[in-house]
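All figures in this text were calculated on a predicted structure; none of them were measured in a lab. Labels below follow one simple rule: chain letters A, B, ... track the order of the sequence lines, proteins then strands, and each chain is numbered from 1.
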Number of protein chains: 2
Amino acid sequence: MIDDHLRLDPMPEASIDAEALGRHLQQLRETRGWSLSRLANDAGIAKSNLCRLEQGNGNPTLDTLWRLAAQLEVPFGTLIKPVTAVLDDQGVQIQLIDQGHDRPSVDVYWMHLDAQVERWSLGHPKGVRETITVISGSLCTGAEALTRTLAPGDSHSFAADGPHLYATEDQASSAIVTIVYPSRTVPT
Amino acid sequence: MIDDHLRLDPMPEASIDAEALGRHLQQLRETRGWSLSRLANDAGIAKSNLCRLEQGNGNPTLDTLWRLAAQLEVPFGTLIKPVTAVLDDQGVQIQLIDQGHDRPSVDVYWMHLDAQVERWSLGHPKGVRETITVISGSLCTGAEALTRTLAPGDSHSFAADGPHLYATEDQASSAIVTIVYPSRTVPT
DNA sequence: ATCGAACGTTCTATTTATCGAACGCTCTAG
DNA sequence: CTAGAGCGTTCGATAAATAGAACGTTCGAT
């Protein structure tokens, strides 16, 4: 008669950042020059609901988010980016997009750098390679001795087992980063 | 005193596919050999809640989804893929990941092909280029006359303004597709 | 001035997502 | 065979997300 897992809350604090989501929603809306009333109506949700969300109280339903993303014409992942992306200390955001479980295994990240950011990565294990594809802005990246400056649409592939750079100048930049781990451990 | 936007529901049917989400959740859980009770407990949600979600009734909260994604160690976007991805008629799934609004503008898609799929795209406007990066499986892709077969981690860039191919053989494949639209309309 | 329309906020009502506790089931230990 | 533990489901209670109606404000038209 002793039932199974009983107590809740061995997960201390994993709560979502509702305030960041609210700011993000508001920014997306105001960028389009839309009123709160209009967006709520077009999306098919109550404006009181949207108001509360933008104010940073809120834990919206999947359906609500879905309707907002559709109306704002923004990919779903973009809408909840402030919740899912890891915010680095110095102007860098990272979000894991997908993982391949084949050999070689591949991790895909979305990355955003603010303007005037210079970030060095100390290097992954031997044999790891990265491919960067720039989505917006201008990004200087590559292995220590051989960096390239990429425009939107450009790609660059390089060995990432040594120090490598991500840097922006006067404009921010976002990019897709694929990290390829070798099939077998490559001897040094 | 006439208040603003009044009636709801000029949005006919945009409801999420709860059944697909349920199947997906269950599949993720069972792949890991976890019991429903255990996952619910570890994620910090009631198992009655998870049960209902897996059964396909459900409109989970962002917080609930977040906890499940964290516990399943799966990117958030992956968890809700059945909701956000467009399912093609013949074994092809597409999901818009991100959009760049610079010039040139870039769209980023995640794509999945079942095994034994051969899909031809008739071609985008002049000057459009695509870059494919394979995440898992083996994918044959490229412009009509010049296709390549890619392994996980491989990339291929080609002009996409003519017919181009995506094809798998005996194993399914997923990939990241970036579509680059030219800054100015390129004359034919 | 005054009216009306739209804005964002706040209030109450209702729906419902979530919780916690049962239940019936299977399986194993003894 | 029985007792206990875990499983997935179902049920009532509760908390919370959402809906709808009011409010005070601003702004333009008349």
Side-chain angles (χ1 to χ4, degrees), chain A residues 1-11 14-19 21-23 25-71 79-80 83, chain B residues 1-11 14-19 21-23 25-71 79-80 83:
Chain A
M1 210 52 70
I2 298 177
D3 205 16
D4 15 327
H5 305 100
L6 339 88
R7 265 317 264 139
L8 212 56
D9 236 341
M11 172 160 274
S15 200
I16 62 173
D17 188 345
E19 293 189 17
L21 177 65
R23 279 191 299 271
L25 279 173
Q26 188 162 26
Q27 186 233 328
L28 286 171
R29 173 174 68 81
E30 292 181 341
T31 297
R32 288 159 180 72
W34 294 350
S35 72
L36 191 152
S37 306
R38 174 182 167 187
L39 174 57
N41 184 252
D42 291 354
I45 66 176
K47 66 176 177 177
S48 56
N49 190 15
L50 180 55
C51 181
R52 210 173 53 94
L53 291 180
E54 284 193 359
Q55 285 174 346
N57 312 51
N59 178 18
T61 291
L62 179 57
D63 183 71
T64 297
L65 290 170
W66 173 250
R67 295 165 108 101
L68 287 173
Q71 202 56 41
L79 191 68
I80 55 174
V83 173
Chain B
M1 212 52 69
I2 298 176
D3 206 18
D4 15 327
H5 304 102
L6 341 88
R7 266 315 268 140
L8 212 55
D9 236 340
M11 172 159 273
S15 201
I16 62 173
D17 189 345
E19 293 189 15
L21 177 65
R23 279 191 298 272
L25 278 173
Q26 187 162 27
Q27 186 232 328
L28 286 172
R29 174 174 67 82
E30 292 181 341
T31 296
R32 288 158 179 72
W34 294 349
S35 73
L36 190 151
S37 304
R38 175 184 166 186
L39 174 58
N41 184 250
D42 290 355
I45 66 175
K47 64 177 179 177
S48 55
N49 190 15
L50 179 55
C51 181
R52 211 171 55 92
L53 290 180
E54 284 193 359
Q55 284 172 346
N57 313 48
N59 178 19
T61 292
L62 179 57
D63 184 71
T64 297
L65 289 170
W66 173 250
R67 295 165 107 100
L68 286 173
Q71 201 56 43
L79 191 69
I80 56 174
V83 173

Is any N or O donor-acceptor pair between the side chain of B:S48 and the base of C:dG20 shorter than 3.5 Å? yes

Give a yes or no on whether a donor-acceptor pair under 3.5 Å exists between the nucleobase atoms of D:dG6, that is its base, and the side chain of B:S37. no

Integer-rounded Å distance: [N] [atom2] and [X] [atom1]:
| X | N | atom1 | atom2 | value |
| --- | --- | --- | --- | --- |
| B:L36 | C:dC19 | CG | P | 13 Å |
| A:L39 | C:dC7 | CG | C1' | 14 Å |
| A:D63 | C:dT15 | CG | P | 17 Å |
| B:Q26 | D:dG8 | CD | P | 9 Å |
| B:D42 | D:dG6 | CG | P | 14 Å |
| B:K47 | C:dC25 | NZ | P | 16 Å |
| A:L53 | D:dT18 | CG | C1' | 10 Å |
| B:E54 | C:dA17 | CD | P | 16 Å |

Closest nucleotide of DNA chain D for A:L65 versus for B:N49: which of these residues is on the 5' side? B:N49

Using heavy atoms to find the nearest nucleotide of DNA chain D for B:N59 and B:C51 separately, return the residue whose nucleotide is more 5′. B:C51

Using only side-chain N and O atoms of [X], determine if any of them is under 4.0 Å from OP1 or OP2 of [N].
| X | N | value |
| --- | --- | --- |
| B:S35 | D:dC7 | yes |
| A:T64 | D:dT18 | yes |
| B:R67 | C:dT18 | no |

A:N59 backbone acceptor or donor facing B:D63 side chain under 3.5 Å: no

Looking at A:R38, is its backbone amide N or carbonyl O close enough to the side chain of A:S35 to form a donor-acceptor pair, meaning the two atoms are under 3.5 Å apart? yes

So how far is it from A:N49 CG to A:K47 NZ, rounded to the nearest 0.5 Å? 13.0 Å

Of the nucleotides C:dT18, C:dC19, D:dA17, which has the atom closest to the A:R52 side chain? D:dA17

Side chain of A:A46 only, please: which of D:dG8, D:dA19, C:dC19 is the nearest? D:dA19

Answer whether the closest heavy-atom distance between the side chains of [X] and [Y] falls below 4.5 Å.
| X | Y | result |
| --- | --- | --- |
| B:P60 | B:I45 | no |
| A:L39 | A:L68 | yes |
| B:I80 | B:I16 | no |

Convert the base pairs of DNA chain D into dot-bracket notation, remembering that pairs crossing earlier ones are written with [ ] and that bases paired across to another strand are shown as |; include only Watson-Crick or G-U pairs under 3.5 Å. ||||||||||||||||||||||||||||||

Using every non-hydrogen atom in the two residues, find where B:A18 and B:G58 come nearest and quote the distance to one decimal. CB-O, 3.5 Å

Over all heavy atoms of both residues, which pair between B:E54 and B:L36 is shortest? Give the atoms and the distance, please. OE1-CD1, 3.6 Å

Give B:Q55 one of three labels, base, sugar-phosphate or nothing, depending on what nucleic acid heavy atoms sit under 4.0 Å from its own. sugar-phosphate

